[in-house]
Each structure stands twice: as structure tokens, then as C-alpha cells.
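Read through the structure below, which is laid out as C-alpha cells, and then see the notes.
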Amino acid sequence: ILEKAATYEPPTKPTFKIGGRVHLDTWDFPTNTPGIGFFENPSTGNDPDNRWAFRRLRIEMKGDIFETMEWRMQVDFADPSEPAIKDAYLGWNELPGNTTVLLGNQKRPLGLDHLNSSRFNIFMERPLVVEAFNEDARRLGLCVYSYSDDEMYNWRYGIFNLENISQSGAYIGDAFQGSGNARLASSPWYDYSSGGRGWYHWAIAGMVANPDGDALSTAPNSNEARFRTRPEARSSNRWINTDRIADCHWYEILGVESMLNVGAWNFCGEYQVNWLQRDAGRSDLNFHGGYLQVGYFLTGEHMVLDRKSGTLSRVQPYENFFLVPDCYGGCGGGWGAWQVAARISYLDLTDQDIQGGLETNATLGLNWYWTSHSKMQFNAIYGDISEHAPVNGYTGGNFWILGCRFMVDF
Amino acid sequence: ILEKAATYEPPTKPTFKIGGRVHLDTWDFPTNTPGIGFFENPSTGNDPDNRWAFRRLRIEMKGDIFETMEWRMQVDFADPSEPAIKDAYLGWNELPGNTTVLLGNQKRPLGLDHLNSSRFNIFMERPLVVEAFNEDARRLGLCVYSYSDDEMYNWRYGIFNLENISQSGAYIGDAFQGSGNARLASSPWYDYSSGGRGWYHWAIAGMVANPDGDALSTAPNSNEARFRTRPEARSSNRWINTDRIADCHWYEILGVESMLNVGAWNFCGEYQVNWLQRDAGRSDLNFHGGYLQVGYFLTGEHMVLDRKSGTLSRVQPYENFFLVPDCYGGCGGGWGAWQVAARISYLDLTDQDIQGGLETNATLGLNWYWTSHSKMQFNAIYGDISEHAPVNGYTGGNFWILGCRFMVDF
Amino acid sequence: ILEKAATYEPPTKPTFKIGGRVHLDTWDFPTNTPGIGFFENPSTGNDPDNRWAFRRLRIEMKGDIFETMEWRMQVDFADPSEPAIKDAYLGWNELPGNTTVLLGNQKRPLGLDHLNSSRFNIFMERPLVVEAFNEDARRLGLCVYSYSDDEMYNWRYGIFNLENISQSGAYIGDAFQGSGNARLASSPWYDYSSGGRGWYHWAIAGMVANPDGDALSTAPNSNEARFRTRPEARSSNRWINTDRIADCHWYEILGVESMLNVGAWNFCGEYQVNWLQRDAGRSDLNFHGGYLQVGYFLTGEHMVLDRKSGTLSRVQPYENFFLVPDCYGGCGGGWGAWQVAARISYLDLTDQDIQGGLETNATLGLNWYWTSHSKMQFNAIYGDISEHAPVNGYTGGNFWILGCRFMVDF
């Protein structure tokens with residue numbers, strides 16, 4: 001049945017690429033109401049501490065094996081006492097229908113902002129709903145990736161283990177908690193004549209998950225029906241949190257994405273809704289959230305779409321930032337690229353007896369791209385939390401957070 | 001006395017090579033008798049848990065320094081919370097008599113299946129006796145490697161510290177527990193005319209070790225007279241185990257290896273015997289084990305011998321596995337290489353008052369080589385344990401284990 | 001105001017370099033008086049244990065981004081259970097005035113022997129005062145590096161956080177403990193005609209630090225007014241130690257360096273003094289120390305100065321160490337480079353109620369350079385400690401330590 005493609009000439013050795021990224025953050029928590037102190041430090045109620053921290057310190061290796069297979073391996077040392085596995089997979093590519101199949105630790109296809117690399121996102125941290133419904137994104141799984149010949153459509157679907165093995169490297173247990181995930185994306189408008197300065201992207205994604213519903217978090221293979229997130233900043237604790245939801249054996253998430261780019265302007269929004277079913281006579285639950293954001297390059301560049309994956313790609317500044325002596329004894333320089341952005345984000349994790357909290361954040365951002373591979377990000381976040389299960393009597397509060405990230409990738 | 005070799009032209013800079021491997025396992029424990037549950041979970045007796053786990057996630061670097069020295073450094077992140085040092089040595093090469101001397105963490109020369117790279121072995125996990133008598137193989141030591149000009153003989157010998165420093169990077173203590181190890185290997189038949197499809201390998205290896213014999217495992221520098229192994233699969237515990245043998249100050253191991261390759265057929269066997277002497281009026285002990293295995297390539301390839309080290313080398317499939325659109329609108333593909341294998345393995349760790357257990361395993365294996373650098377391994381293991389020191393009253397049991405490994409190296 | 005330099009041609013992609021180092025140590029503690037046992041093991045008083053340990057097992061990556069920026073990332077796995085971040089920064093280079101600005105984890109400019117790479121230092125471990133007053137050297141900071149066009153002067157200055165984040169990757173806390181550091185170095189004599197065999201280097205460095213002065217070491221963000229060091233060898237504990245000095249809110253360090261190289265001879269000395277101010281009615285303190293050392297190449301090579309940074313650089317042996325069969329059936333070989341050295345080192349950490357100890361060490365060293373990238377170091381250290389706060393009644397003692405290091409870098 002199978003015959004060889006007459007022109008196939010295998011390469012003589014595997015390819016190997018190594019790279020990485022260094023992201024260094026500083027976060028200030030200038031003011032907040034007392035409740036926020038208790039969400040951050042439940043025992044003392046102390047206000048959140050300011051901090052400097054490596055956010056990512058990552059070694060990344062990838063390669064092709066004779067064009068028929070590929071692999072990737074990433075280890076992050078931002079907290080060197082707890083190295084973390086990021087992408088770690090092997091796969092088969094060049095399959096019919098522009099298809100690649102990957103097996104291993106990889107991102108679940110839910111939430112555009114998670115599928116975008118942290119190197120390319122407009123804001124420092126991912127939106128509430130994107131992080132809460134797909135915490136840390138990567139899971140052990142088998143996933144199929146394809147795109148249409150004209151690149152207008154791409155889709156991916158796979159099955160995943162619900163447990164995060166990034167710090168253990170292993171899933172051990174007989175009670176398999178799994179999910180099925182799928183995403184269909186399209187870029188019906190893509191203006192090649194301007195070099196991709198105009199485009200429209202939409203996608204729809206779904207997830208059906210089967211957590212074990214155990215009530216006790218101490219049980220082996222802790223119930224993965226838990227949704228939580230930090231305040232779009234690197235606080236020590238996650239301020240809204242459903243905790244492990246007892247007797248939840250199934251949940252389903254539906255997500256929609258939309259992104260429009262017109263020259264220096266970029267508009268993006270996502271919405272996700274999560275339906276949970278509970279046994280033992282408990283009623284069903286519903287959580288949901290979304291965000292809207294806009295970015296604008298003061299210096300005229302544009303956000304770049306990778307049509308084959310339906311995600312953002314690398315921005316090229318018109319001129320790099322530099323400052324050198326010029327021929328006349330003065331200074332020559334370049335400004336880099338400057339982008340301003342704003343985001344409104346919302347997440348409701350409170351329904352009936354589960355009071356994870358309801359958070360609304362507004363963020364202003366400024367990105368200074370020094371080069372295509374290095375930039376600085378500023379974020380100023382105002383947020384409000386309410387309907388949280390009482391901690392020392394507090395059910396909500398509001399806060400300001402200022403963040404700044406210095407980042408290179410290579 | 002020493003004069004310069006007139007033709008010596010040193011290179012101008014050190015060489016540097018980087019690579020690694022990703023091995024991802026899944027293990028199922030479909031059925032076993034109750035005793036096995038207690039060997040795996042002594043307190044609860046629960047049956048072994050199924051699992052998915054990275055078996056190896058390794059960064060490997062090596063190089064030559066101006067042709068007169070070499071070095072290697074490997075770190076494994078399969079369990080990222082406990083990175084492990086693998087090969088980490090420096091050495092002098094190009095010494096007279098085709099000799100290399102290496103200092104640092106390296107494999108002790110005992111057991112062919114341990115000296116073979118995990119990338120090239122026919123079965124997923126090493127035989128009982130090979131792992132039990134040379135646990136984890138690598139130790140800090142000084143070892144000399146040579147081979148004869150015609151490559152018919154090769155030998156290595158060295159001294160090693162008995163303690164495993166792969167997770168601490170240091171040996172600290174005044175009570176040096178050491179060993180002397182040596183191995184002589186030969187390939188008296190090697191058919192160059194067929195490109196190495198026919199060959200015969202034999203080797204003899206010995207080890208003399210001097211553990212400290214302390215009775216208490218809590219003493220600093222725990223007594224290294226301990227032999228134990230998992231059931232040729234990645235269970236959580238080692239099911240047969242002598243524990244630290246009090247008053248044992250010397251033990252000697254003799255190992256013999258033999259491997260015959262005739263085209264697609266490969267036959268291999270090893271046998272090792274371990275004599276232990278005890279003080280304090282306790283009588284001497286004797287443990288021993290071995291295995292026999294056969295492999296056959298359905299697709300006609302052959303196992304490859306590295307004559308200079310007396311170990312297996314990389315298999316080259318006749319065609320890679322691939323599946324691509326062909327010129328006629330259909331699919332073109334390649335099957336890769338397929339190998340079937342069987343192994344019988346035996347280890348007796350019970351003698352007199354030491355009841356480590358007696359295990360016999362039979363394994364069927366299937367290897368699907370996608371390329372020379374990637375493959376899939378299936379193993380089905382039936383095993384039987386007896387004469388084990390009672391755990392909750394159980395002295396033995398039997399079990400089935402199914403394993404599957406996905407692996408790439410680069 | 002800014003105009004472009006007409007000739008500027010940016011490169012098309014970032015550069016990437018990977019390397020590392022393997023340093024393997026053995027340390028023997030042949031004899032010492034009982035007090036030393038209690039400084040090493042306060043509870044038992046046991047004499048220090050002999051040891052073999054990886055001292056450095058480091059992966060290093062660095063690169064330029066389009067000539068306008070640079071970055072570096074180093075992770076050390078010598079103790080794989082606690083990987084450590086070393087250099088981890090990003091920066092801007094090619095700034096006017098031969099200036100580079102680096103942000104991230106980098107060495108504080110205090111102590112020539114700390115600024116020298118461990119690959120190039122003459123002795124195995126750094127002098128008492130250099131390590132005590134600038135423990136582990138690297139801190140999170142922002143630092144400016146410049147040199148004059150004629151390379152006669154170079155200077156660096158910056159601000160740093162006092163806390164060492166090499167094992168956590170993060171500083172968390174509102175009580176910022178910071179320092180300002182600066183160093184001016186010069187090489188007024190540098191003999192280009194002999195290829196740099198003759199030169200004179202001096203430098204002056206200063207540090208003003210603002211620790212938080214908390215009395216309790218258990219308080220968050222432990223008081224960084226603490227000075228301590230090992231005995232110029234890898235003991236388990238630091239034998240002289242002021243512990244955290246309560247109510248110290250400011251200290252200032254002044255350091256001077258001087259180094260003269262005349263052919264195969266190298267003479268070097270440093271002196272540092274540390275003034276500490278205390279609140280709460282406690283009187284001020286003063287600690288100080290220094291060292292003098294001489295090195296001589298038996299084989300005629302010379303120590304190399306990097307004039308742009310004011311630090312030692314890589315030694316090139318006249319011939320590498322090697323041993324190969326020659327054309328006449330005998331052996332050809334090279335001796336490598338041989339260097340002998342001696343050092344006297346002194347540190348006084350005892351003043352008034354703070355009895356950290358007073359230590360004087362004399363060290364003989366022998367370095368055998370196999371190649372420019374590999375060598376062996378022997379150190380024999382005799383030391384004497386006195387005026388130490390009593391540990392089980394002992395306030396001092398003396399000791400001999402023998403050390404040997406095998407090292408490659410690549």
C-alpha cells in the first residue's frame with residue numbers, strides 16, 4: 001500500500017538548536033485594603049512584599065531527527081532549588097495533511113494568551129481566566145497539530161493528564177484524571193501585501209475533563225478540579241481560589257478568542273466558561289471570565305501572527321535601541337520600539353457554596369522593545385476582589401500593583 | 001627521555017559537543033499476588049500504581065582539549081526536583097597503547113548491560129543481577145581504558161569510591177569505602193566483510209570491594225554492602241533487597257559476558273557471582289544471578305558492536321519510519337525497523353540469615369526503531385519472587401508488568 | 001538630538017556561546033587541634049572529614065543581541081540537589097565611553113581575587129578577607145563598566161541587593177538591604193613589546209552597605225551584616241564567623257589591590273578594612289584583613305592581565321602536557337606548565353563583643369597546567385585561629401589542610 005516518495009532524501013544527521021530566555025522581574029505592591037493582606041498571608045494578614053525575582057531562566061533545546069521526527073526539551077531554573085520541566089516532548093512531523101503529532105509535556109490548547117509564548121505576549125502576566133482555567137498550561141499528553149494548505153485554518157486536539165508534572169517529572173497513580181482538548185483557529189483576513197500588518201484571527205477551544213472528585217487534598221493524586229490564579233502579577237499566593245471541589249467528576253470549558261490587527265493597533269479578547277457537574281446530591285457549578293485588551297505601537301511596528309499555529313510571533317522593531325559614539329564626537333542612537341496597551345480582565349470563581357472570589361482588573365502597559373530579542377515591560381494594575389470566602393472576616397478588597405520585567409531570549 | 005613527536009600539530013581550540021536524551025515511560029501493573037503489594041508499599045500493601053514518568057531528561061556535553069585531554073558532563077532532569085550528575089569526568093587521551101585515563105564520575109566496569117548505553121540496550125530496564133551488583137553503575141573513580149591495535153581486545157581497570165554521589169556531588173567522610181574493578185573483553189570473531197553483521201564478544205570482569213560493615217544505616221557513610229533491584233521495571237520500591245549487611249567488610253564479584261550476533265539474530269548472556277565475608281563470627285555469604293536473551297530484527301537489521309569498548313552501539317534502520325504525501329496524492333511511508341526479543345533473568349539474594357529474595361523474570365520485548373536516534377520499546381514481564389524476608393507475612397509472590405518507552409537522543 | 005551613526009550595520013541574528021567548567025576537588029584534613037573540631041562540628045567536636053567533591057559543574061551560556069545588548073546565564077550543578085544561579089544578567093554594551101551596563105546577578109566589584117575567574121586564580125580558594133567581606137561575590141544589581149581608550153584605566157560602579165539569591169532566584173521583602181560599590185583599576189605599566197610579560201596593576205574599591213540590623217536570624221530577610229569564611233579550603237562549616245551583628249545598620253569597606261608581574265614572577269597583595277556602625281548604644285566595630293602572595297612559573301610562562309577589566313586572564317602553556325607514541329616506537333611527550341606559589345593571609349573578625357575569630361594562614365601551592373583549559377592545583381595550608389568566641393570552651397586552634405583540584409573549562 002505504502003510506496004516511497006521518489007524524491008525523499010533523508011538528511012544524514014539530526015539537527016540541534018539550543019537557546020533560552022532570561023526574564024527578571026520587579027514587583028511593587030504600593031497599596032491595598034486589608035483583605036488583600038489576608039489573601040496573600042492568611043495567617044498574618046501582612047501586606048504583600050515587594051520583590052525582585054527571576055521569572056524565567058530557561059535552557060531550551062530542540063531538533064529534528066532526519067526530518068521525520070522532532071523533539072524539544074526545556075528546563076527552567078528561575079527558582080534553582082526547584083527546577084521545572086517545561087516543553088519536553090518527542091513527535092512525528094511531515095505527516096499527511098501538514099500534521100505533527102507530539103507526545104510528552106506540552107501546552108494544552110486552551111486560551112490564546114497561554115498558547116502565545118511568554119516572549120511575545122503584550123502584558124507581563126496572563127489574564128485571570130486564561131491562567132485559572134488552564135493553570136501552567138503544560139501537561140503530559142498526546143496532541144495532534146495540523147493546518148490547511150492555505151494557512152487559513154489550523155487545529156489541534158489531544159488528550160492530557162490533568163496533573164502538573166513540571167516539578168516531579170512523573171505521574172504515579174491508578175486514578176487517571178484526564179482531559180480531551182481541542183482548538184480550531186482561523187485567520188480569514190491576512191494582508192500579505194503589507195507584510196502582515198493587517199489580519200483577523202478567531203478561534204474556538206473546548207476541554208472536557210474528568211477529575212477524581214476526592215474531597216481531601218491529602219489523598220494521593222489530588223483532585224484536579226481546582227481553579228485559582230494570581231492577580232496578573234507575581235504575588236506569593238493565589239488570591240482567588242476555588243480550592244479542590246469535592247465530588248466534581250466532570251467539567252467542561254468552552255473558550256472563544258478573537259484578535260484584530262490594523263497596522264500599529266492590536267485588539268484582542270477572549271471569553272471562557274466552565275461548567276462543573278457534582279455528584280453526591282450537590283448542584284452543578286458555573287465559572288466564567290474574559291478579557292479585552294488593546295495595544296498600540298507609538299513607533300509604528302505591528303504585532304505578528306503565526307498563521308500555522310494561530311498565535312503571536314516575534315515583533316521586529318524598525319530600529320534597535322542603541323547609543324554609540326558617532327563620527328562627529330557626539331552620540332548616535334536608536335529608540336527601539338514603544339508600545340502602549342490597556343487590558344480589562346474579569347473572572348468569577350464564586351458560585352453557590354464555592355466562593356473562590358470574583359476579580360476585576362484594569363491594567364496599563366508600556367513595552368519598550370530594545371531589539372527583537374530583548375525588551376522591557378511595565379504594568380500598572382488596579383484590581384478589585386469580592387465574593388471571596390471569608391479570610392479572617394474579609395471577603396474582598398482592592399489593590400494597586402506595579403511591575404517591571406527585563407527580558408532577553410536567545 | 002621524552003622527545004616531541006615531530007608531526008604533532010595541536011588544534012587551536014577545544015572541541016565542544018552538546019546533546020541529550022528524552023526517554024518517556026509508561027508502566028502498567030495489571031496483576032500481582034498480595035505479597036508484591038507489600039514489597040512495593042510495606043505499610044499499606046497496596047498494589048503498585050500505574051505511572052507515566054520521564055525516565056531520562058538529560059543534557060550532555062563533552063569535548064576534547066587540544067587532542068590531549070577530554071571531558072564529559074551530563075546532568076539528568078527526569079526528576080527535576082532532584083537533578084542527578086551522570087558522567088562527569090576529565091581525562092587524558094592519546095596515551096601510549098591506545099590508552100585513555102579518566103578521573104571523575106563514570107561507570108564501573110561490571111556488567112555488559114550497564115556498560116551499554118541506555119540508548120542502545122535491547123530491553124527497557126537492565127537485568128536483575130546487573131543492576132543489583134552494580135547499582136546505578138556510576139561512581140567517583142580513576143579508570144584506565146585501553147584497546148589493542150587490532151581491536152580484538154580491550155580492557156579497563158580502576159579504583160572507585162563505593163558511595164553514589166549522583167545526587168549530592170560530594171563524598172564526605174574519613175571511612176573510605178572503595179573498590180577495585182577490572183574488565184577484559186574480546187571480539188575474536190568480527191566479520192568486516194558484511195559490515196559487522198557477524199561477531200562474537202566475550203568478557204570477564206571482577207570487583208573487589210571494601211564496605212565499612214556498619215550495622216546501622218543511620219551511621220555516616222552508610223555501609224555500602226547492600227544489593228537490591230527493581231523488577232526490571234520502574235516500580236517505586238526495590239522488591240528484592242538485602243539491606244545493609246552488618247559486619248561485611250569485603251566482597252568480591254566475578255562476572256562473565258558472552259554475546260553472539262549472526263545477522264538479524266543476537267544472543268547474549270551474563271552470569272555474576274558475589275562472595276561476601278563477614279566479621280564478628282558471622283558466616284560468609286554468596287549471591288548470584290544471570291540472564292539469557294535473544295533478539296531478532298524482523299526487518300533484517302543487526303545489532304552493532306563497538307570493538308574498542310566491548311559494548312553495543314547504534315542500530316541503523318534500513319529505512320526510517322515516515323509518512324508523507326507522495327507525488328500521486330497518496331501517502332508514502334517507511335516502516336522503520338522492528339525487533340522482537342525475549343529474556344530470562346534470575347537473581348538470588350537470599351543466603352542464610354540474609355533474605356533479600358530470589359527473583360525469576362521472563363520478558364518479551366518489541367522494539368520499533370523509527371530512526372537511528374528514536375524508538376519505542378514494549379516490554380511484557382512476568383516475574384516470581386520467593387524466599388524474601390517476610391513483609392506482613394509474605395515471603396514471595398508473582399506479577400505481570402507492561403511497559404512502554406518513547407525515546408529520542410540527539 | 002540623536003542622529004544615527006551612518007556606518008552602523010546591525011548583524012542579522014544574536015550570537016550564542018555555550019561552555020562550562022568541571023572542577024573536582026579532594027581535601028584532606030590530616031591534623032588539627034581540638035578547637036578546630038568544634039568550629040567544624042559544634043555539637044560533636046569531631047575533626048573535619050576528608051572529602052572528594054565537585055567544586056564546580058557549570059553550564060554557561062552567553063551572547064550578544066545585535067551588538068547592542070548582551071546577556072549571560074550560568075547554572076552550577078556541583079551539588080545537584082541545590083543548583084545555583086551564577087552570572088545571570090542582561091545588559092547594554094557599546095555605549096559611549098567604552099561602557100557596558102549590566103542588570104542582574106553579577107559580581108560585586110570588591111576584591112581582585114573574587115573578580116578573577118575561578119578558572120584563572122593561582123590558589124584553589126580565595127583569601128580569607130576577600131571571601132569574608134564579599135561572600136560568594138554575586139548579587140542582584142545594576143552595574144556600570146567602563147575603560148579608557150588607552151586601556152590604562154577601568155572602573156565599575158553599581159548598586160546591589162545584599163541578599164544572596166543564588167539558590168532561590170528571588171528576593172522577597174519590603175526591607176531592602178542594599179549597597180553601593182565601586183572600583184577603579186589601572187595598569188600604569190604594561191609591556192606590549194614582550195607580549196604582556198611585564199605589567200603593574202593597582203586598584204581601589206569601596207562599598208557602603210545598609211543591612212537591616214535585626215537581631216534575630218529568624219526574621220524575614222535576615223540581617224546581612226555577617227562576615228564569615230572557610231579556612232581557604234572546603235570545610236563543611238565556616239570556621240570564623242561574626243554571625244549576624246545586631247543593630248548594625250551601616251558598614252563601609254575600603255579595599256586596595258596591587259599586582260606586579262615580571263616575566264615568570266607574579267606578586268600580588270590586597271588589604272581591606274571594614275567599619276561598622278551600630279545603634280542602640282552599641283559601639284562601632286572594625287574588621288580588617290589582607291594577603292600577600294607570589295607565584296613563579298618554573299617553565300617560564302607568565303600570568304596574563306586583562307587590562308579592560310583589571311583582572312587575571314588565561315595562561316597559555318608553552319607546551320601542553322601529552323604523551324603519545326612517537327615515530328621511533330618510543331614515547332613523545334610534553335610537560336605542560338608548572339607554577340609554584342606561596343601566600344600569607346590574615347583576617348581579624350574579632351572586635352569588642354563580636355568575636356568572629358582571628359585567622360592567619362600560610363599556603364604553598366603548585367599548579368600543573370596541562371593545557372590552557374585544564375590544570376591541576378595542589379595547596380598545602382597551615383593555619384591558626386585565635387580570639388574566637390568559645391565553642392565548648394575552645395577559642396582557637398591550628399590545622400593543616402591538603403587540597404588538590406582537577407579542572408577543565410570549555
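Note on naming: letters A, B, ... go to the chains in the order of the sequence lines (proteins, then strands), and numbering restarts at 1 for each one. Computed over heavy atoms, backbone and side chain alike; hydrogens, waters and symmetry mates excluded.
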For the student: nearest non-hydrogen atoms of C:A170 and A:A53, plus distance: CB-CB, 3.5 Å
Toward chain C, the part of A:R234 with a non-hydrogen atom under 4.5 Å: neither
C:D174 side chain to A:N50 backbone, donor-acceptor under 3.5 Å: yes
Contact check, side chains of C:W92 and A:L323, non-hydrogen atoms, under 4.5 Å: no
Gap between atom CD1 of C:I172 and atom OG of A:S236 - 0.5 Å precision: 4.5 Å
Residue C:L95 versus chain A: region with a heavy atom under 4.5 Å: both
Smallest separation among heavy atoms of A:S374 and C:M69, with atom names: OG-SD, 2.8 Å
Heavy-atom side-chain proximity of C:E67 to A:N320 below 4.5 angstrom: no
Engaged part of C:S166 at the chain A interface, taking heavy atoms whose separation is under 4.5 Å: backbone
Student check: side-chain heavy atoms of A:I18 and C:F16 closer than 4.5 Å: yes
Contact origin within A:P83 toward chain C - heavy atom pairs under 4.5 Å: side chain
Inter-residue atom distance C:N161.CG - A:W52.CH2, 0.5 Å rounding: 9.5 Å
Aromatic plane relationship, C:F77 with A:F77 - under 30° parallel, 30 to 60° tilted, over 60° perpendicular: perpendicular
Members of residues 20-36 of chain A whose heavy atoms come closer than 4.5 Å to chain C: A:R21, A:V22, A:L24
Where A:L57 and C:A88 come nearest, the two heavy atoms and their spacing: CD1-CB, 4.1 Å
C:N105 versus chain A, the contacting section by heavy-atom distance below 4.5 Å: both
Beyond-backbone contact of A:F322 with C:F66, side-chain heavy atoms, under 4.5 angstrom: no
Which atoms of C:Y171 approach chain A - backbone, side chain, both or neither, heavy atom under 4.5 Å: both
